[in-house]
Structures are given as C-alpha cells and as structure tokens.
Amino acid sequence: TKLSPSGGTHQPCLRNIVPVTSVQTNTKYLPLLRSGRSQELFSRSLADSEMRSAPYEFPEDSPIEQLEEKRHRLERQISQDVKYEPDILLRAKQEFMKTDSAPDLELLKEENQAPADLFPSEREMLPEYQRVSISGEEKCGVPFTDLLDAAKCVVKALFIREKYISLSMQSFCRTTTRYLQELGERALDLNVYEEIPETSLTPDAPVHPPVSETHPYENVDPSSMPSDMGYGCKMVDGVVHVYTDKEVDLPYPDLQEYIADMNVMMALIINGPVKSFCYRRLQYLSSKFQMHILLNEMKELAAQRKVPHRDFYNIRKVDTHIHASSCMNQKHLLRFIKRAMKKYPAEIVHVERGRGQTLMEVFESMNLTAFDLSVDTLDMHADRNTFHRFDKFNSKYNPIGESILREIFIKTDNYIEGKYFGHIIKEVMADLEESKYQNVELRLSIYGRCRDEWDKLAKWAVKHSVYSDNVRWLVQMPRLFDVYHTKRQLSNFQDMLENIFMPLFEVTVNPRTHPELHLFLQHVVGFDSVDDESKPEHHIFNLDSPLPANWTEEDNPPYSYYLYYMYANMTVLNHLRRRQNLDTFVIRPHCGEAGPIHHLVSGFMLSENISHGLLLRKAPVLQYLYYLAQIGIAMSPLSNNSLFLSYHRNPLPEYLSRGLMVSLSTDDPLQFHFTKVIFESSLWRSFGREPLMEEYSIATQVWKLSSCDMCELARNSVLMSGFSHQVKSYWLGPDYIKEGPEGNDIRRTNVPDIRVAYRHETLCEELNLITQAVRSEQLESIEEEGNLCMGPLQAGQGTKCV
C-alpha cells in the first residue's frame with residue numbers, strides 16, 4: 001500500500017535537482033581569475049563541475065531519464081487512474097513496464113511523450129486528501145481466472161437490472177451505466193429512463209424552493225385537464241393492454257424472459273467462487289473505509305467547519321420509508337383523540353347494524369372517558385412481545401385494542417370520509433413545514449378489493465386539502481389476496497390487479513373522468529408492496545405457475561409473482577403517461593426484512609429502491625450487486641429492533657462503510673418513537689413530532705457516527721427520494737446529478753467533497769476491476785482467433801454463469 005496526498009505513488013523527480021553554480025560560491029577558483037588562461041581553465045572546470053556535481057543526473061534528452069519518467073507516470077496511472085484509460089491500454093502498459101532493451105530506448109527517444117495527466121481539468125477538480133491505492137498484480141486477492149469468472153457473472157447481473165430498469169423508465173446509476181456502455185452491444189442511453197430537464201439555477205440560488213401561491217387541489221375543473229386520448233384498456237393475462245383500432249405498442253417484460261433471468265440470478269447468488277469473490281471485495285471495501293477515516297477524518301471535519309451556517313440540523317433530510325397511518329407518535333394521537341372528544345362529541349362517526357353512533361357513544365360503549373385515556377391505555381407501542389410476531393405488531397394499530405377506533409381515526413375510507421385522519425395528517429405536515437428541513441414520503445394503502453378505492457382516496461386528499469410541499473405520497477399494496485379470496489371479495493388474482501391498475505389507466509387516458517385522482521397522482525411518486533415477508537410461501541414462481549385469471553387457489557401468490565405483475569403494469573402505465581407528458585412512477589417495495597433471499601433478487605431486478613434490506617448481510621453476492629448498482633436502501637433500525645433484528649446486529653453501519661446507498665427512515669413512529677419537541681412563538685404553541693431526528697440521534701450514539709456520516713445519510717435520503725429534479729436542485733445544488741465531487745455542493749449538503757470523492761473513486765475502481773477483466777478476456781479470445789478487428793463485447797457474450 002502506497003500513500004501520497006495526490007493519490008499516487010511518490011517518486012523523486014531528478015530533473016528538479018539543480019547544482020549551485022554561482023561564481024561567488026566557488027571561492028577556491030578566485031586566485032586563478034587574474035589571467036585569461038586562468039579564466040579559461042576556470043570556465044572549463046566549472047562546466048565539468050556542473051556535469052559531475054550530481055553523477056546520477058542526465059541531460060534533458062536522455063532516453064533513460066525519459067523511460068524512467070514514463071515508467072513512474074504509468075505506475076501512477078495504472079494504480080490510481082485506470083478508469084480514464086482506453087479499452088486495451090492497460091495490458092500494453094503493464095508489458096511496457098518490462099521494457100529495458102536498447103532498441104526500446106531508441107524507439108522511445110523518437111516517440112512523442114504523452115502528457116503526464118490525461119485529463120488535467122478533471123484532475124484539478126479532485127479534492128486533496130490521503131488516498132489508499134493497491135499496487136502489484138492480482139490486486140483483488142484472487143487468481144485471475146477466478147476474477148474473470150466472477151466478473152462475467154457480476155456484469156451479466158448488472159445488464160439484467162439495466163434492462164428492466166430502463167424498460168420501466170426508472171433511474172439507474174449513471175456511473176455504472178458509463179462502465180456498462182463500454183461492454184454492451186448497444187449504447188445505454190442515460191436519458192431513456194430518466195429525462196432530466198435543464199435547470200436554470202445558479203450555485204448561489206437559495207436553498208429553499210419557491211412556494212406555490214395556489215393550492216394544487218384548488219382547480220378541480222375537468223375542462224382544464226388534458227383531453228381524452230381515445231384509447232381503450234383491457235387486462236390480458238394479468239397485464240393491461242391499450243387499444244385504438246389495433247393494440248398500441250407499449251412495451252412490458254415477457255414473462256418467460258423474466259423467469260429465465262430470475263433463474264440466472266438465483267444460480268449466480270449461490271455460485272461458490274462468485275460468493276467468495278464478492279465477500280472479499282466487501283471486506284476490502286470495509287477495511288478501505290476504515291483506513292480512509294483514519295487518514296482523513298480531521299480533514300472532513302475541517303471542511304465542514306469552514307461552511308458558514310450549515311450543519312446537520314439545517315440540511316435537507318427525507319424520511320424515505322414511513323406509513324401515513326402511523327406517522328404521528330402516541331402522544332400526538334392521544335391529544336388529538338381527546339380534542340376530538342371535546343370538540344365533536346355528538347358527531348356520528350360510525351354505523352353499527354344500521355344505527356349511527358356518535359363519538360361519545362363509541363367511547364361510552366367501552367366505558368371510557370377523555371380523562372381515562374393515556375398513552376398506556378392506547379397500548380400502541382411495539383414491545384418485546386412483538387419480536388418475530390408480525391400479527392401482534394399489526395394489532396398494535398388498534399387504539400385500546402379496538403378496531404373501530406382504528407377505522408375512525410386512522411382510515412381514509414369510513415363514515416366521516418377520513419375527516420379525523422386528514423386533520424391529524426395535516427398537523428404532522430404543519431410540524432414538518434415548521435422544521436423546514438425535514439420531509440417525508442408517506443405510504444397510503446390501496447387494497448385492490450374494489451374498483452373505486454383510488455377515487456375515494458383521491459377525494460379524501462382533495463376534500464380535506466391534505467397536501468404539503470414537504471410531503472410526497474407512495475401507494476402501498478398489501479399482499480393479502482388470500483384473505484380477500486377467503487372472504488369471497490375476490491374470485492381470482494386478476495380481479496385484484498384490475499381493481500388496482502385499471503383506474504390508473506382510465507385517468508391517464510382521459511383525466512376528465514377522474515379529476516380528483518388526476519390531481520392526486522401528480523404528487524404520487526411510486527408503488528410499494530407490503531406485508532409480513534416471513535410468512536412461508538408454498539408456491540415457486542415458474543412457467544408452470546397459473547396466470548392471474550386462473551389463480552383461484554387458497555394460497556397467497558409468492559412475493560416475486562406480486563412484484564412482477566406490479567412491475568409489468570407499471571411499465572405499460574409509465575409509457576402511456578409519458579405520451580401524455582404526465583409524471584411516471586417507480587417501484588420501491590418492502591424487501592429483505594425477513595423471509596427468503598429471492599425477495600432481494602426480485603427487488604434487484606425490478607425496483608428502483610427498496611426498504612429494509614436486512615438479509616443482504618447474508619448474501620454477499622447480492623450485497624455487492626446492490627453496491628455496484630447503487631440501489632437505495634431505506635433502513636429503519638428501531639423498527640427492526642422491535643420486529644426482526646436487535647439494534648446492535650443491524651447491518652446499517654456496515655452497509656454505510658462499504659458505500660451502499662443507505663438512508664435512515666422511521667417506518668412507524670406511532671409504534672417505535674417517543675420524541676416530542678415544542679415550537680413556541682408569540683402567537684401559538686405547537687407540540688411538534690420529530691421521529692426522524694430521534695432515529696438519527698440513536699444511530700449516532702450507538703454506532704458513533706460522525707457528523708460527516710450523518711450528513712451523508714441525509715444526502716442519500718434526498719437522492720433516493722421521489723421529490724422532483726427541480727426541488728432536489730435547490731436542496732443539493734444545481735449540479736447534483738453529476739458524478740463525484742463535481743455534483744456536490746457542501747454549502748447545501750454539508751458533506752465534504754473529500755467524502756464524495758472517496759465514494760465515487762472507490763465505486764469506479766470496483767467497476768473498473770470487473771469490466772477490465774471482462775475486456776481482457778474478450779481481447780484474449782480475439783487474439784486466439786487471429787482477428788485484428790476489435791469490436792465491442794456483446795451484452796450476452798462471455799457472461800454465462802455456470
């Protein structure tokens with residue numbers, strides 16, 4: 001391991017050693033200056049002295065010196081900056097390091113020397129810090145043949161993900177795309193799945209986006225909405241097809257191809273040599289980060305201290321995984337229930353056997369008054385009894401153990417049309433707006449039991465004006481087909497899919513038929529798939545699996561079955577909405593919290609981000625792939641601590657050190673958090689809830705995270721969130737989509753350029769390691785065939801995993 005402030009190996013530059021030749025310093029020759037002859041002798045001896053003062057120096061045109069300089073330069077480039085090199089030069093340079101013959105020296109003398117730095121403009125932008133580089137052959141610690149086999153499998157997996165993500169118009173890591181482009185048979189267009197408009201922001205623009213003067217739900221006039229596209233929609237084999245006179249060409253993944261890719265991925269993650277390679281690389285990444293912290297922690301801290309005004313408390317943070325029905329804490333819900341009992345005691349809130357019940361009558365039937373209620377009475381906090389008991393955890397959503405109170409206070413579809421739930425959500429939104437820098441992505445549920453669920457949800461949001469600039473929505477779809485089928489609410493799985501997706505296609509084709517839903521969808525960023533992942537799956541998804549219209553079994557379809565049909569319909573929907581210039585959606589499911597590993601395989605192939613990802617700690621191949629693809633992982637350590645994994649065993653600090661794209665989230669503040677913060681002014685006093693700050697605080701104390709670590713987590717949360725490109729430009733800087741430190745604005749993120757540069761350079765080194773191995777294997781095969789025409793590697797060539 002060689003260290004230098006600039007990142008390369010330090011070599012002495014002989015040319016800069018100049019002997020002192022001033023006449024005044026050579027006093028021993030002064031007596032000889034009296035005659036011309038003596039002056040001539042002095043000049044000659046002085047010239048000889050210059051030539052002999054440093055016997056290891058050579059004239060400027062010495063080929064040996066040129067050779068040495070070129071060797072040193074190539075050593076630095078090979079060890080540190082290989083990512084800038086053309087496709088085939090690496091091996092040629094390594095062979096050149098052995099050059100020492102006289103003909104080689106003569107040839108070198110005739111050739112023009114290349115510049116010392118290939119990209120000086122990019123080099124000058126790199127921050128100065130201590131870099132760790134590995135020199136020598138077989139840097140990865142495994143034989144070249146093992147590296148080659150593993151690299152081919154890893155590249156194959158990355159191509160599989162890129163195929164599905166680009167097809168569905170979700171975002172794929174730009175750095176990874178750049179390296180895959182060098183191997184693919186076709187150019188991977190960065191903007192096929194992510195059309196980012198140009199921003200007019202300057203680096204000195206304010207950190208707060210402008211606030212709209214009008215409420216987004218004000219204009220519900222259908223005549224102001226886009227006109228009918230004239231399409232018809234019909235679901236065939238579980239996927240919606242769009243028609244005019246003939247079927248509209250809207251792509252979606254072929255089921256047979258998806259299952260084949262799924263089988264390739266499953267074979268890959270259990271491949272022994274690949275597992276060993278990925279485990280070694282992950283261990284190396286952990287150790288390298290520890291070395292980075294040892295060498296650069298003080299520099300990172302100093303960079304943060306130089307930034308005026310900005311600190312962890314006033315940088316943007318997004319709670320990337322939180323459920324709307326539990327976004328308040330217990331004390332907040334308790335105070336709201338008491339306030340509602342005093343303000344609306346005679347309001348009819350529930351119908352029981354055809355008779356309306358007032359709020360007071362509901363509590364009288366439970367022998368309770370407002371005075372009797374307490375946090376302990378509500379009993380909604382997860383405790384030690386919920387560990388590995390998801391059924392008991394779900395029952396905690398019922399205040400005082402009564403499902404009727406859950407329906408009244410934290411449901412959108414009830415007798416009062418979600419009035420109380422809308423009010424309490426708006427109070428949470430007011431707290432977020434007061435804190436300025438905290439934002440959330442709330443999950444609302446669509447169950448798929450009936451066709452009008454979407455309209456009811458949208459009318460709830462519009463009627464009660466449930467909106468905030470600090471909030472975006474995700475729609476979660478519980479995997480509860482077996483429950484609804486048992487209750488005879490659904491006859492087959494395709495009924496559930498139609499209830500979920502047909503209203504979305506109808507409002508896209510003709511927004512005027514569902515005006516409230518059209519407005520609501522403008523603030524929905526994606527879909528989530530939720531349920532207890534630890535439940536056993538009795539069916540394996542393969543070509544023999546029944547199609548959705550034929551799935552009438554009592555057993556629930558497996559996780560991958562749900563995710564594929566959600567993905568396929570969302571892909572068609574995204575292409576249709578793009579034709580209307582409407583916003584598209586992404587998939588961000590609960591994945592890897594418990595259950596089998598193949599959930600994470602489905603998430604890797606089809607999802608832009610996932611929530612939890614705990615089981616990656618048991619699957620080194622998948623963990624390495626999630627790192628290379630920079631897939632966002634919203635982690636909730638306090639939630640996991642009560643349900644599936646003790647806090648001290650949570651892999652979040654390990655993921656963070658290795659460079660995975662992780663963020664902190666709260667999941668369910670109602671069950672897991674206590675924090676209450678009081679905001680005061682001369683006019684009002686508000687009890688604000690800050691569960692996200694509680695999550696950061698506990699993680700920092702337990703895992704001893706630095707300020708830079710916390711700010712990096714916060715920046716990750718913004719990057720993986722569904723807020724618009726324009727909003728992110730204000731929060732992170734106008735160039736945030738650029739790679740490396742060039743895309744970082746420390747004045748907004750408080751993340752030092754040193755940390756961003758380290759993450760980017762490390763990722764590039766890992767990607768270069770595997771792509772160089774695949775390229776070298778292709779080069780060898782071309783040489784063996786005697787073909788001098790070097791074409792690009794085909795996407796599927798040389799990547800079969802055995």
Side-chain angles (χ1 to χ4, degrees), residues 169-171 194 196-197 208-212 215-217 316-328 412 421-422 425-446 454 457-458 460-462 464-477 504 507 516-530 570 573-574 577 582-590 607-611 632 634 636 663-669 689 691-692 714-732 736:
M169 297 184 177
Q170 302 182 84
S171 62
E194 185 182 13
I196 299 179
H208 301 291
V211 179
S212 175
H215 197 282
Y217 296 154
R316 297 289 175 175
K317 295 169 282 289
V318 180
D319 194 341
T320 48
H321 173 204
I322 177 172
H323 300 275
S325 58
S326 59
C327 65
M328 72 299 292
T412 60
F421 186 47
I425 292 292
K426 290 169 71 175
E427 290 182 7
V428 172
M429 290 177 171
D431 294 335
L432 294 170
E433 292 168 359
E434 178 64 23
S435 69
K436 292 185 180 179
Y437 297 96
Q438 294 186 49
N439 309 271
V440 297
E441 295 180 311
L442 297 177
R443 266 82 169 163
L444 294 168
S445 294
I446 290 292
W454 278 105
L457 181 62
W460 166 80
V462 173
H464 300 292
S465 298
V466 187
Y467 171 82
S468 171
D469 288 333
N470 295 64
V471 176
R472 291 294 179 270
W473 304 105
L474 278 96
V475 174
Q476 62 184 22
M477 301 165 188
L504 299 179
V507 72
E516 293 89 357
L517 181 56
H518 172 70
L519 294 177
F520 177 68
L521 288 178
Q522 294 177 10
H523 309 285
V524 174
V525 300
F527 304 123
D528 192 354
S529 178
V530 298
M570 186 202 73
L573 180 63
N574 279 350
R577 291 179 68 83
L582 299 174
D583 295 330
T584 57
F585 305 113
V586 301
I587 292 183
R588 293 167 54 183
H590 285 52
S607 307
E608 181 174 285
N609 299 328
I610 66 168
S611 298
S636 309
S663 66
L664 271 173
S665 57
T666 57
D667 197 354
D668 296 286
R689 277 60 57 177
L692 185 59
R715 180 176 182 266
N716 287 348
S717 72
V718 176
L719 287 172
M720 61 189 285
S721 72
F723 284 87
S724 68
H725 166 67
Q726 188 73 10
V727 170
K728 291 181 181 179
S729 297
Y730 280 97
W731 291 353
L732 302 178
Y736 79 93

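Residues take their numbers from the sequence shown, with the count starting at 1.
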Among Trp473, Phe723, Tyr217, ring pair (Phe, Tyr, Trp, His ring centres under 6.0 Å) partner for His523: Tyr217
Non-hydrogen side-chain atoms of Ser445 and Gln476 separated by less than 4.5 Å: yes
Candidates Val524, Val525, Leu474 - the one meeting side-chain contact (heavy atoms from CB on, under 4.5 Å) with Phe585: Val524
Close side-chain approach of Arg715 to Leu732, heavy-atom, < 4.5 Å: yes
Results of ring-ring contact (aromatic ring centres under 6.0 Å, His included) for Trp454 - residues two or more places apart only: none
Phe520 side chain reached by Leu444 side chain, heavy atoms, under 4.5 Å: yes
Test item: side-chain donor near acceptor, Thr320 and Glu441, under 3.5 Å: no
Exercise: identify the closest heavy-atom pair between Thr666 and Pro669: OG1-CG, 3.6 Å
Side-chain heavy-atom pair Arg577, Leu521 within 4.5 angstrom cut-off: yes
Test item: Val318 and Ser663 side chains (from C-beta on) under 4.5 Å apart, heavy atoms: no
Heavy-atom donor-acceptor pair, Gln170 side chain to Ile587 backbone, under 3.5 Å: yes
Taking every non-hydrogen atom, the tightest pair across Lys728 and Ser721: NZ-O, 2.9 Å
Any donor-acceptor N/O pair, Arg316 side chain to Lys436 backbone, under 3.5 Å: yes
CG-CE distance between Asn470 and Met429, expressed to the nearest 0.5 angstrom: 9.0 Å
Gap between atom OG of Ser717 and atom CG of Asn609 - 0.5 Å precision: 11.0 Å
Heavy-atom pair of closest approach, residues Ser468 and Arg472: O-NH1, 3.8 Å
Asp668 side chain to Ser326 backbone, donor-acceptor under 3.5 Å: no
Nearest-0.5 Å distance, CG of residue Asn716 to NZ of residue Lys317: 13.5 Å
Side chains of Asn574 and Thr584, donor plus acceptor under 3.5 Å: no
Non-hydrogen side-chain atoms of Leu442 and Ile322 separated by less than 4.5 Å: yes
Sub-4.5 Å side-chain heavy-atom contact between Glu516 and Trp460: no
Shortest non-hydrogen contact from Pro216 toward Leu519: O-CD2, 4.0 Å
Rounded distance (nearest 0.5 Å) linking atom CG of Asp667 with atom OG of Ser611: 8.0 Å
Shortest non-hydrogen contact from Ile425 toward Ala324: CD1-O, 3.5 Å
Minimal non-hydrogen separation, Tyr467 against Asp469, with atom names: OH-OD1, 2.6 Å
Distance (rounded to the nearest 0.5 Å) between Leu517 CG and Leu504 CG: 6.5 Å
Interatomic distance, His590 atom NE2 to Asp528 atom CG [nearest 0.5 angstrom]: 5.0 Å
